[in-house]
Asks: 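Below you will find the structure I want to go over with you.
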Number of protein chains: 2
Amino acid sequence: MANQLNLQIDRSSPIPLYHQVVQGIEAAIHTGLLEPGSRLENEIDLAAQLNLSRPTMRKAMDELVRSGLLVRKRGVGTQVVSSQVRRPLELSSLYDDLSNNGSKPTTDVLSFSHEEADASIRKALQLPGGAKVYHFTRLRKVGGKPLALMENWVRDDITALDEASLASQGLYGILRNGGVNFRLASQRIGAMIANDYQAPLLETTPGSALVTMERTAVDDTGRMVETGHHVYRADSYSFEMTLVQR
Amino acid sequence: MANQLNLQIDRSSPIPLYHQVVQGIEAAIHTGLLEPGSRLENEIDLAAQLNLSRPTMRKAMDELVRSGLLVRKRGVGTQVVSSQVRRPLELSSLYDDLSNNGSKPTTDVLSFSHEEADASIRKALQLPGGAKVYHFTRLRKVGGKPLALMENWVRDDITALDEASLASQGLYGILRNGGVNFRLASQRIGAMIANDYQAPLLETTPGSALVTMERTAVDDTGRMVETGHHVYRADSYSFEMTLVQR
DNA sequence: AACATCCTAATGTCAGGACAAACTATTGAC
DNA sequence: GTCAATAGTTTGTCCTGACATTAGGATGTT
């Protein structure tokens, strides 16, 4: 059952060895070289074939198990998960998701201000009294069709924001370029009925279904960087995710 | 800056050392002994204090970073994340969630049958033609108030299902008792408007907002065990989750 | 033929060491 | 006084080695 998953490990590359293995196995699964349900060779042999140590091999497989591509069972072996399950929900922006999908999103900035944060926003972003934030509302369209209505608050002591850049690129892209390294975000997904303000902007009728999302994002220094409330047309958007049992 | 997080490591315990560390640090964070934003001692000293090796200590911290409680930065140190962010979305059932919350869920089984799977269900569960499945619809209430309307399909070659057990406990509990070890699930969350069938059952009006969830669960052998379509009253339920950047 | 027991193979856990890379803060030079 | 080089601290990566635990098949017995 020699799997012959012809991986190439480049020891001079700056990218870590275990990550090269992750990428290689991911590729093998996506190209169909590793079929769903098939068993991999055992860790020790695989490590030996690639001239890697077992801990390195294990670290790679750990990542793949966590991302839901592989399933391990003690005493048995490691299997490719037998499904068309796709990528888990990642910490990314709508703009990135759409861009990666080949669509071309556009953004209308409906309002923009640099104002003092009220109590609820200060609490969400853990800011002291009197702190100022950027507050803006955007309408995201794809293919000319409105998809999302987004209201956000961003702390102003990180990078400068303006209407023009928000209209031309995604918020997370701007912040990343400004040196923000996002680490985690907590979000809540629910549903609501389109009201008289939302409906015309999203080119739907009051009373139609909307998906709602509230999110607060934290950077690698532990600062709350951004919080926002988004609504999406339910007929055009849903959240897909893969949950992995630890 | 001796943190003195008085951890007790029991080497005779059957639970892994790194997991004991995870639990200890989690507890220290939740009790407030480790304050948000505070820095931990470095890995090497911590490991030495507990008479553990650095890899074991690192494995524990890896878990905590992945779950979003800690943030590490090379050359700087490890910090407790400065927020009230809570547990990520886990692979659990609604029944478990409600029970853990102290609520007492009840279940009405609206329909139950053991029937041949149609094409779409066979595809979702990857079953061969002619295979039979359990198909049932349940109404979940908490405190007498209807919360969720759930339609599920379960393969029948794992454990026997009947109306009585579905009425008295959660589906995932039954399956787990039947020897199923869930490994991952892929789900999609969206929104819709209550129709004339759903509204009276959920004691709401047609046209009100519902959260929808479609899920397919896979066990540790890679089999698709269960697929279902659930709707929740939007005013009573939403999905909360924490996303962690890898 | 049915059952309990042993054996093997595979993953799970843990140790100890070595070097690399990144960030901070200090030191030094201009 | 400002800026750049440098040293030190901390996490990141990788190695070798060892033993424990579990699942499942093979073996032997009844």
Side-chain angles (χ1 to χ4, degrees), chain A residues 1-3 9-23 25 38-66 70-81 179-181 183 219-222 245-246, chain B residues 1-3 9-23 25 38-66 70-81 179-181 183 219-222 245-246:
Chain A
M1 184 84 3
N3 253 313
I9 301 298
D10 176 8
R11 294 194 90 93
S12 67
S13 159
I15 107 172
L17 301 183
Y18 69 85
H19 201 250
Q20 292 183 37
V21 176
V22 169
Q23 292 176 329
I25 296 183
S38 63
R39 266 213 306 287
L40 295 187
E41 293 183 73
N42 70 63
E43 306 174 341
I44 302 185
D45 290 349
L46 274 179
Q49 286 174 28
L50 298 175
N51 277 97
L52 296 173
S53 69
R54 179 150 90 109
T56 302
M57 195 67 211
R58 268 187 77 75
K59 173 142 188 173
M61 299 188 124
D62 273 345
E63 299 241 342
L64 292 162
V65 169
R66 253 186 292 132
L70 297 183
V71 164
R72 281 193 292 201
K73 219 169 167 186
R74 189 191 287 201
V76 181
T78 305
Q79 263 189 324
V80 179
V81 72
V180 178
N181 299 307
R183 267 310 134 84
D219 76 356
D220 58 358
T221 65
Q245 181 86 342
R246 302 203 304 177
Chain B
M1 183 92 357
N3 254 313
I9 301 297
D10 177 7
R11 295 194 89 92
S12 67
S13 161
I15 107 172
L17 301 182
Y18 68 86
H19 201 251
Q20 292 185 37
V21 177
V22 168
Q23 292 176 329
I25 297 183
S38 64
R39 266 212 306 284
L40 295 187
E41 292 183 72
N42 71 62
E43 307 174 338
I44 302 185
D45 290 350
L46 274 179
Q49 286 174 29
L50 299 175
N51 276 95
L52 296 173
S53 69
R54 181 152 85 111
T56 302
M57 196 66 213
R58 268 187 76 75
K59 174 141 190 176
M61 298 189 123
D62 273 346
E63 299 241 343
L64 292 163
V65 168
R66 254 187 289 132
L70 297 182
V71 164
R72 281 193 291 201
K73 222 171 167 185
R74 190 191 288 201
V76 181
T78 306
Q79 265 189 322
V80 180
V81 72
V180 177
N181 299 307
R183 267 310 136 86
D219 76 357
D220 58 359
T221 66
Q245 181 86 340
R246 303 201 305 176

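Naming: A, B, ... by sequence-line order, numbering from 1 per chain.
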Asks: Describe the nucleic acid contact of B:Pro16 in one word from base, sugar-phosphate, nothing, applying a heavy-atom distance below 4.0 Å.
Replies: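 The answer is sugar-phosphate, as B:Pro16 gets under 4.0 Å only of primed atoms, P, OP1 or OP2.
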
Asks: Rounding to a whole Å, what distance do you find between A:Leu17:CG and D:dT16:P?
Replies: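 My rounded result for the distance is 12 Å.
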
Asks: By nearest nucleotide on DNA chain D, pick out whichever of A:Met57 and B:Gly75 is the more 5' one.
Replies: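 It is B:Gly75, whose closest nucleotide lies nearer the 5' terminus.
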
Asks: Heavy atoms under 4.0 Å, any strand shown: does A:Ile44 hit a base, just sugar-phosphate, or nothing?
Replies: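 It contacts base atoms.
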
Asks: Need to verify one output field. Residue with the more 5' nearest nucleotide on DNA chain D, B:Asp62 or A:Val76?
Replies: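 In this pair, the answer is B:Asp62.
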
Asks: Starting from the 5' end of DNA chain C, give me the residue, B:Pro55 or B:Arg74, whose nearest nucleotide shows up first.
Replies: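 On the 5' side of the pair lies B:Pro55.
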
Asks: NA contact type, B:Asp45, heavy-atom cut-off 4.0 Å: base, sugar-phosphate, or nothing?
Replies: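 Counting heavy atoms under 4.0 Å across all strands, no contact is made by B:Asp45.
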
Asks: Can you find a heavy atom in the side chain of A:Gln49 that is under 4.5 Å from one in the side chain of A:Met57?
Replies: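 They are not in side-chain contact.
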
Asks: Rounded to the nearest Å, what distance is computed from the CZ atom of residue B:Arg58 to the P atom of nucleotide D:dT10?
Replies: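 Between P of D:dT10 and CZ of B:Arg58: 14 Å.
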
Asks: Whole Å only: how far is the CD atom of A:Glu43 from the P atom of D:dC15?
Replies: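 Those two atoms, CD and P, are 14 Å apart.
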
Asks: Write down the distance between CG (B:Leu40) and C1' (D:dT9), rounded to a whole number of angstrom.
Replies: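 B:Leu40 atom CG is separated from D:dT9 atom C1' by 16 Å.
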
Asks: Taking NZ from B:Lys59 and C1' from D:dG12, how many angstroms apart are they, rounded to a whole number?
Replies: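 Atom-to-atom, B:Lys59 to D:dG12, this comes out as 17 Å.
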
Asks: Taking all non-hydrogen atoms of both residues into account, name the closest pair between B:Arg11 and B:Asn51 and its distance.
Replies: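 Nearest pair, atom of B:Arg11 first, then B:Asn51: NH1-O, 3.2 Å.
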
Asks: Expressed in angstrom and rounded to an integer, what is the separation of A:Arg66 atom CZ from C:dG12 atom P?
Replies: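 The distance from CZ of A:Arg66 to P of C:dG12 comes to 13 Å, rounded to the nearest Å.
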
Asks: Kindly say if A:Lys73 contacts the phosphate of C:dT11, meaning a side-chain N or O under 4.0 Å from OP1 or OP2.
Replies: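 No, A:Lys73 has no side-chain N/O under 4.0 Å of OP1/OP2 on C:dT11.
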
Asks: Which pair of heavy atoms, one from B:Gly77 and one from B:Arg39, lies closest together, and at what distance?
Replies: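 Answer, listing the atom of B:Gly77 first, then B:Arg39: CA-CD, 4.5 Å.
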
Asks: D:dT13 phosphate, OP1 or OP2: any side-chain N/O from A:Tyr18 under 4.0 angstrom?
Replies: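 True: A:Tyr18 side-chain N/O within range (under 4.0 Å) of D:dT13 OP1/OP2.
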
Asks: Below the 4.0 Å mark, does D:dT11 have OP1 or OP2 next to a side-chain nitrogen or oxygen of B:Arg39?
Replies: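 No, B:Arg39 has no side-chain N/O under 4.0 Å of OP1/OP2 on D:dT11.
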
Asks: Indicate yes or no: at least one non-hydrogen side-chain atom of B:Val65 is less than 4.5 angstrom from one of B:Val71.
Replies: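 Heavy-atom side-chain distance check fails, nothing below 4.5 Å.
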
Asks: Can you confirm whether A:Thr56 sits close enough to A:Val21 that some side-chain heavy atom of one is under 4.5 Å from a side-chain heavy atom of the other?
Replies: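 Result no, sub-4.5 Å side-chain heavy-atom pair not found.
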
Asks: Sub-3.5 Å donor-acceptor pair from the side chain of B:Gln20 to the main-chain atoms of B:Asp10, do we have one?
Replies: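 Side chain of B:Gln20 to backbone of B:Asp10, a donor-acceptor pair under 3.5 Å: yes, one is there.
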
Asks: When you measure only distances, ignoring hydrogens and angles, does the side chain of B:Arg54 come within 3.5 Å of the base of D:dT13 through a donor and an acceptor?
Replies: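 Yes.
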
Asks: Look at the side chain of B:Arg11 and decide which nucleotide, out of C:dA15, D:dT13, D:dT21, has an atom nearest to it.
Replies: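 Out of C:dA15, D:dT13, D:dT21, the nucleotide with an atom closest to B:Arg11's side chain is C:dA15.
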
Asks: Identify whether any heavy atom of A:Ser53 sits under 4.0 Å from a base atom; if not, whether one sits that close to sugar-phosphate; answer base, sugar-phosphate or nothing.
Replies: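 Contact class for A:Ser53: base.
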
Asks: Are A:Thr78 and C:dA10 close enough that a side-chain N or O sits under 4.0 Å from OP1 or OP2?
Replies: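 No, no such contact exists.
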
Asks: Look at the side-chain N and O atoms of A:Arg72 and state whether any lies under 4.0 Å from the OP1 or OP2 oxygen of C:dA10.
Replies: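 Answer is no, no contact under 4.0 Å.
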
Asks: Round to the nearest Å and state the distance from B:Gln79 atom CD to D:dT9 atom P.
Replies: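 After rounding, the gap between these two atoms is 20 Å.
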
Asks: Does A:Thr56 put a side-chain nitrogen or oxygen below 4.0 Å from OP1 or OP2 of D:dC15?
Replies: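 Checking A:Thr56 against D:dC15: at least one side-chain N or O falls below 4.0 Å of OP1 or OP2.
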
